[in-house]
Amino acid sequence: MLGDFLPTTTFVMMALFLVAGLFTGSFYGLGVSFMTDLTPKHNLPAGNLMIAMSFSVGSMIGPMLGGTIIQLSDGTIFFTMIAAFVFIVFLLLLVHKTPQQVE
C-alpha cells in the first residue's frame, strides 16, 4: 500500500523543493535591488559583498538550526515558530512608517 504513494510523494517533494529554490533566489535578488535603492553609489560594492556574505551564512546556519530545533522538539514547535515569525513580521509592517522624501 505504501508503494502506491511513493512515486507521487517523490514528485510532489521535488516540485516543492523547486518552488522553495525559486523563492530563495527571488529573495536574494529582491534584497540586492532594495540595497541598491538605499545605498549611495560609492558603497554599492561593499553592500553587495555584505549581502552575499549574509545570504551565505544564513544558507548554512538556517537548515542546521531548523533541523536541530525540529529534532529536539519532536516537530511540535516548528509550526509555532513559523507562525510567530510571520506574526512578528506582520507587527513590524504594521508599525513601519515610510520615510519622508528630502527635497
Side-chain angles (χ1 to χ4, degrees):
M1 183 167 201
L2 183 61
D4 295 337
F5 295 111
L6 192 58
T8 306
T9 305
T10 304
F11 177 73
V12 169
M13 288 302 293
M14 287 175 57
L16 289 174
F17 278 121
L18 174 73
V19 171
L22 291 172
F23 281 122
T24 303
S26 297
F27 285 141
Y28 180 76
L30 285 171
V32 170
S33 63
F34 185 64
M35 183 266 310
T36 57
D37 287 342
L38 297 178
T39 307
K41 289 188 180 190
H42 64 277
N43 285 338
L44 285 179
N48 193 15
L49 180 66
M50 286 192 284
I51 283 183
M53 288 174 46
S54 299
F55 188 78
S56 298
V57 169
S59 294
M60 290 185 282
I61 291 177
M64 289 189 297
L65 185 63
T68 303
I69 290 171
I70 291 171
Q71 189 175 16
L72 292 176
S73 69
D74 295 327
T76 56
I77 201 168
F78 190 63
F79 176 75
T80 307
M81 284 182 51
I82 291 175
F85 287 139
V86 169
F87 186 68
I88 289 169
V89 169
F90 171 73
L91 289 178
L92 290 173
L93 288 172
L94 203 64
V95 299
H96 175 71
K97 297 185 187 220
T98 57
Q100 294 179 354
Q101 295 287 338
V102 178
E103 294 181 24

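Only this structure's heavy atoms are used, side chains among them; waters, hydrogens and symmetry mates stay out.
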Handout entry: Ile70 with Met64, same ILVMFWY side-chain cluster at under 4.5 Å
Key = no
In this structure, CG of Asn43 is separated from CE of Met50 (nearest 0.5 Å) by 7.5 Å
- Query: Is it true that Ile69 and Phe85 fall in one hydrophobic cluster, defined by side-chain heavy atoms closer than 4.5 Å?
  - Reply: yes
Between the NE2 atom in His42 and the CG atom in Leu44, the distance rounded to the nearest 0.5 Å is 9.0 Å
Output for pair (Phe34 CZ, Asp37 CG), nearest 0.5 Å, gives 7.5 Å
By ring pair (Phe, Tyr, Trp, His ring centres under 6.0 Å), Phe55 pairs with (sequence neighbours left out) Tyr28
Correct closest heavy-atom pair for Ile51 and Met35 would be CD1-CB, 3.4 Å
Pro63 and Gly58 have their tightest heavy-atom pair at CD-O, 4.0 Å
In this structure, CG of Leu16 is separated from CZ of Phe11 (nearest 0.5 Å) by 10.0 Å
